[in-house]
Trainee: 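One structure, pasted below without further comment.
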Amino acid sequence: EDQVTQSPEALRLQEGESSSLNCSYTVSGLRGLFWYRQDPGKGPEFLFTLYSAGEEKEKERLKATLTKKESFLHITAPKPEDSATYLCAVQADWNSGGATNKLIFGTGTLLAVQP
Amino acid sequence: DTGVSQDPRHKITKRGQNVTFRCDPISEHNRLYWYRQTLGQGPEFLTYFQNEAQLEKSRLLSDRFSAERPKGSFSTLEIQRTEQGDSAMYLCASSSIDKRGNTIYFGEGSWLTVV
């Protein structure tokens, strides 16, 4: 069964203290791995899509990397405004086990950055 | 690009009543998705449309739930005979395939509270 596990569940950082969030996945063929940011009471905000192992993408203080089993979201010198829940999701490949367009989400990592 | 729009943002209803949510996707996006999210969990897939065709439905979508996308533009999600367990945030998302790949954008969600 396709599955996504995120760790840690919660992370508290001091402003400027870099760290990484982990997303481990099992899927019968990966079409894409997605990272989203979600603020309380709001919908997920798109950050990145990664398609193949070795791929990396960056946006401001965030950098996402992908291997065949997991993805990392690296946060460099975070600021309080980076506080949010970060969600990881996978979309299975069309060629494996039938067609699907759904995203399978993890439960997220709640990040708190203190000034 | 005005983003994915959802209405209403909040709905409180009595158990047994019917509710309907509307989603206006990003214009030119031919793919539309509905998800449900409860507190502390990641979004769970409900259904997927490509243009006006409903191509995929989750087992979560009981016979009390129905979704439509007439003319391949806006979509509605109706819940009949609501139950307390239906209380959640209902998220709509849209996407298109372009040279950047598959980018799925979410709306701000519609909160449902069944009392």
Trainee: Side chain from CB out, backbone as N, CA, C, O: work out which of these in A:Phe48 comes under 4.5 Å of a heavy atom of chain B, or both, or neither.
Mentor: neither
Trainee: Between A:Glu45 and chain B, which part of the residue has a heavy atom less than 4.5 Å away: side chain, backbone, both or neither?
Mentor: neither
Trainee: In terms of heavy-atom contacts, does CD1 of B:Ile12 have more than 12 from other residues, nucleotides or ligands at under 6.0 Å?
Mentor: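 Check fails, neighbour count at 12 or below.
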Trainee: Looking at B:Glu108 and A:Gly43, would you say the former's side chain and the latter's main chain have a donor-acceptor pair under 3.5 Å?
Mentor: yes
Trainee: Step through the shown structure and confirm whether more than 12 heavy atoms of other residues, nucleotides or ligands are within 6.0 Å of CZ on A:Arg61.
Mentor: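 Yes.
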Trainee: For B:Ile104, is it the side chain, the backbone, both or neither that has a heavy atom under 4.5 Å from a heavy atom of chain A?
Mentor: both
Trainee: Nearest 0.5 angstrom please: A:Lys102 NZ to B:Lys57 NZ, how far?
Mentor: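 Reported to 0.5 Å precision, the distance equals 14.5 Å.
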Trainee: Hey, could you give me the OH/CG distance between B:Tyr35 and A:Leu103, rounded to the nearest 0.5 Å?
Mentor: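 It comes to 3.5 Å.
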Trainee: Membership question, hydrophobic clusters at under 4.5 Å side-chain separation (ILVMFWY): are A:Phe72 and A:Val27 in the same one?
Mentor: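 No.
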Trainee: Select one option (side chain, backbone, both, neither) describing which atoms of B:Gln37 are under 4.5 Å from chain A's heavy atoms.
Mentor: side chain
Trainee: Tell me, out of A:Lys42, A:Glu9, A:Gln6, who's got the most heavy-atom pairs with chain B below 4.5 Å.
Mentor: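 That would be A:Lys42.
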Trainee: Decide if atom CD of B:Glu68 counts as having more than 12 heavy atoms of other residues, nucleotides or ligands within a radius under 6.0 Å.
Mentor: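 Atom CD in B:Glu68 is not crowded, with 12 or fewer foreign heavy atoms closer than 6.0 Å.
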Trainee: Do A:Leu47 and A:Leu13 belong to the same hydrophobic cluster, where Ile, Leu, Val, Met, Phe, Trp and Tyr are linked whenever their side-chain heavy atoms lie under 4.5 Å apart, directly or via other members?
Mentor: yes
Trainee: Between B:Phe74 and B:Leu46, is there shared hydrophobic-cluster membership here, with clusters defined by ILVMFWY side-chain heavy atoms closer than 4.5 Å?
Mentor: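 No, B:Phe74 and B:Leu46 fall in different hydrophobic clusters.
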Trainee: With a cut-off of 6.0 Å (strictly less than), are more than 12 heavy atoms of other residues, nucleotides or ligands near CZ of A:Arg12?
Mentor: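 No - once you tally the heavy atoms of other residues, nucleotides and ligands closer than 6.0 Å, there are 12 at most.
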Trainee: Tell me the closest heavy-atom pair linking A:Leu87 and B:Pro43, and the distance in Å.
Mentor: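 It is CD1-CD, 4.0 Å.
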Trainee: Going from OG on B:Ser95 to CZ on A:Phe34, what distance comes out if it is rounded to the nearest 0.5 angstrom?
Mentor: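 So the gap between those two atoms works out to 8.0 Å.
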